[in-house]
Amino acid sequence: FFVDDWRFEGIYRNPEKTLSRYSQYAFLLTPDFSLYADMPLWKQIENVGKNRWVGAYWQNEGLLVVPTIAWSTARSFDFCFDAVEKHSTVAVGMIGCKGNKLGFMRGYNEMLTRLDPESIIVFGTPFPEMEGNIIPYIGGEEEKSEKEPLRIWGEIKDGVIEPATSPVITCQCIRVPVLNGHTAAVF
């Protein structure tokens, strides 16, 4: 749910229409309604309300929900962390924050202080300065990890790599911070 607001406005207006589709997932992140620094304060408050309302609706329907936390400037700190349990798992998005790292980190650190989350699902590549039990989600990692070994084990035919067809690899990638290089655990 880290896309343009209009794409999930329907989830807010008619949540029952998409409930059966979303109920197949183990858990849901609440929609990341935008909080822009130049957005009127009333609109920011409304968007936080939409985020929390959708989460409450899904919870009421028996779904496991992870609240997505967003902020704009320090004035949004008065409401943007409301209605989120302390010591819970939360989600944050990295889309659009690269141009204002300082502002993002101020809000992020305020979230750590106020919510003390057990874990933080990060949609995108986290900044190295981000603290906490971070669970980054970076799309495409699983597919890459499943296909690249097959290319290595494949053959070159007519100047083109033909990937091997076995073994069949299924994986789940979880990124953890390391100082240098990559690491993998195979079970």
Inset, instruction - Please name the pair of heavy atoms, one in Pro163 and one in Ile161, separated by the smallest distance, quoted to 0.1 Å. - result: CD-O, 3.5 Å

Inset, instruction - Starting at CG of Asn51, measure out to OG of Ser34 and round the result to the nearest 0.5 Å. - result: 11.0 Å

Inset, instruction - For a side chain to side chain contact (heavy atoms under 4.5 Å, CB included) with Ser119, tell me which candidate from Val90, Val66, Ile135 qualifies. - result: Ile135

Legend entry - Parallel, tilted or perpendicular: ring planes of Tyr57 versus Trp53, cut at 30 and 60 degrees: parallel

Inset, instruction - Compare all side-chain heavy atoms of Pro15 with those of Val54 and state whether any distance is below 4.5 angstrom. - result: no

Inset, instruction - Give a yes or no on whether Glu16 atom CD has more than 12 heavy-atom contacts from other residues, nucleotides or ligands under 6.0 Å away. - result: yes

Inset, instruction - Count the heavy atoms belonging to other residues, nucleotides or ligands that lie under 6.0 Å from CD of Glu129, then report whether that count exceeds 12. - result: yes

Legend entry - Interatomic spacing from CH2 in Trp71 to CG in Asp78 - rounded to 0.5 Å: 15.5 Å

Inset, instruction - Check whether Ile152 and Ile169 end up in the same hydrophobic cluster, where Ile, Leu, Val, Met, Phe, Trp and Tyr are linked by side-chain heavy atoms less than 4.5 Å apart. - result: yes

Legend entry - Parallel, tilted or perpendicular: rings of Tyr108 and Phe104 (30°, 60°): parallel

Inset, instruction - For residues Thr125 and Met94, determine if any side-chain heavy atom of one lies less than 4.5 Å from a side-chain heavy atom of the other. - result: no

Legend entry - Gln44-Ser72 side chain donor-acceptor pair, cut-off 3.5 Å: yes

Inset, instruction - Heavy atoms only: give me the nearest Phe33-Ala70 pair and the separation to one decimal. - result: O-CB, 4.4 Å

Legend entry - Hphob cluster co-occupancy, Trp58 + Tyr25, side-chain heavy atoms under 4.5 angstrom: yes

Legend entry - Gap between atom NZ of Lys43 and atom CG of Leu35 - 0.5 Å precision: 10.5 Å

Inset, instruction - Spell out, as yes or no, whether a donor-acceptor pair under 3.5 Å connects the side chain of Arg151 to the backbone of Ala164. - result: no

Legend entry - Smallest separation among heavy atoms of Ala26 and Leu64, with atom names: O-CB, 3.6 Å

Legend entry - Considering all heavy atoms, the nearest Phe81-Gly107 contact: CZ-O, 3.8 Å

Inset, instruction - Please check if atom CD in Glu85 has more than 12 non-hydrogen atoms from other residues, nucleotides or ligands closer than 6.0 Å. - result: no

Legend entry - Within-4.5 Å side-chain heavy-atom neighbours: Pro117 and Leu112: yes

Inset, instruction - Rounded to the nearest 0.5 Å, what's the gap from CG on Asn47 to OH on Tyr12? Could you check? - result: 9.5 Å

Inset, instruction - Apply the test side-chain contact (heavy atoms from CB on, under 4.5 Å) to residues Thr30 and Val65: give CA-CA distance (whole Å), side-chain angles for both, the deciding distance (0.1 Å), then the verdict. - result: CA-CA 7 Å; Thr30 56; Val65 177; 3.5 Å; yes

Legend entry - ILVMFWY cluster, Tyr36 and Phe123 together (side-chain gap under 4.5 Å): no

Legend entry - Beyond-backbone contact of Leu150 with Pro167, side-chain heavy atoms, under 4.5 angstrom: yes

Inset, instruction - Answer yes or no: is there a side-chain heavy-atom contact under 4.5 Å between Leu63 and Ser23? - result: yes

Legend entry - Distance-minimising heavy-atom pair for Pro126 and Ile134: CG-CG2, 4.0 Å

Inset, instruction - Look at atom NZ of Lys101 and say whether more than 12 heavy atoms of other residues, nucleotides or ligands are closer to it than 6.0 Å. - result: yes

Inset, instruction - Start with the C-alpha gap between Glu118 and Lys86, add the side-chain angles, then the distance that decides, and say whether side-chain contact (heavy atoms from CB on, under 4.5 Å) holds. - result: CA-CA 8 Å; Glu118 178 182 314; Lys86 288 188 87 163; over 6 Å; no

Inset, instruction - Could you tell me which non-hydrogen atom of Asp82 sits nearest to which non-hydrogen atom of Arg52, and how far apart they are? - result: O-NE, 2.8 Å

Legend entry - Reported CZ-to-CG distance for the pair Arg114 and Asn109, which is rounded to 0.5 angstrom: 12.5 Å

Legend entry - Evaluation steps, side-chain contact (heavy atoms from CB on, under 4.5 Å), between Arg75 and Leu41: CA-CA 9 Å; Arg75 71 182 188 158; Leu41 192 60; 3.9 Å; yes

Legend entry - Within one Ile-Leu-Val-Met-Phe-Trp-Tyr cluster: Val84 and Ile45, side-chain cutoff 4.5 Å: no

Legend entry - OG1-CE distance between Thr73 and Met39, expressed to the nearest 0.5 angstrom: 11.5 Å

Legend entry - Intermediate values then yes/no, side-chain contact (heavy atoms from CB on, under 4.5 Å), Lys17 and Ile11: CA-CA 8 Å; Lys17 284 179 123 178; Ile11 296 167; over 6 Å; no

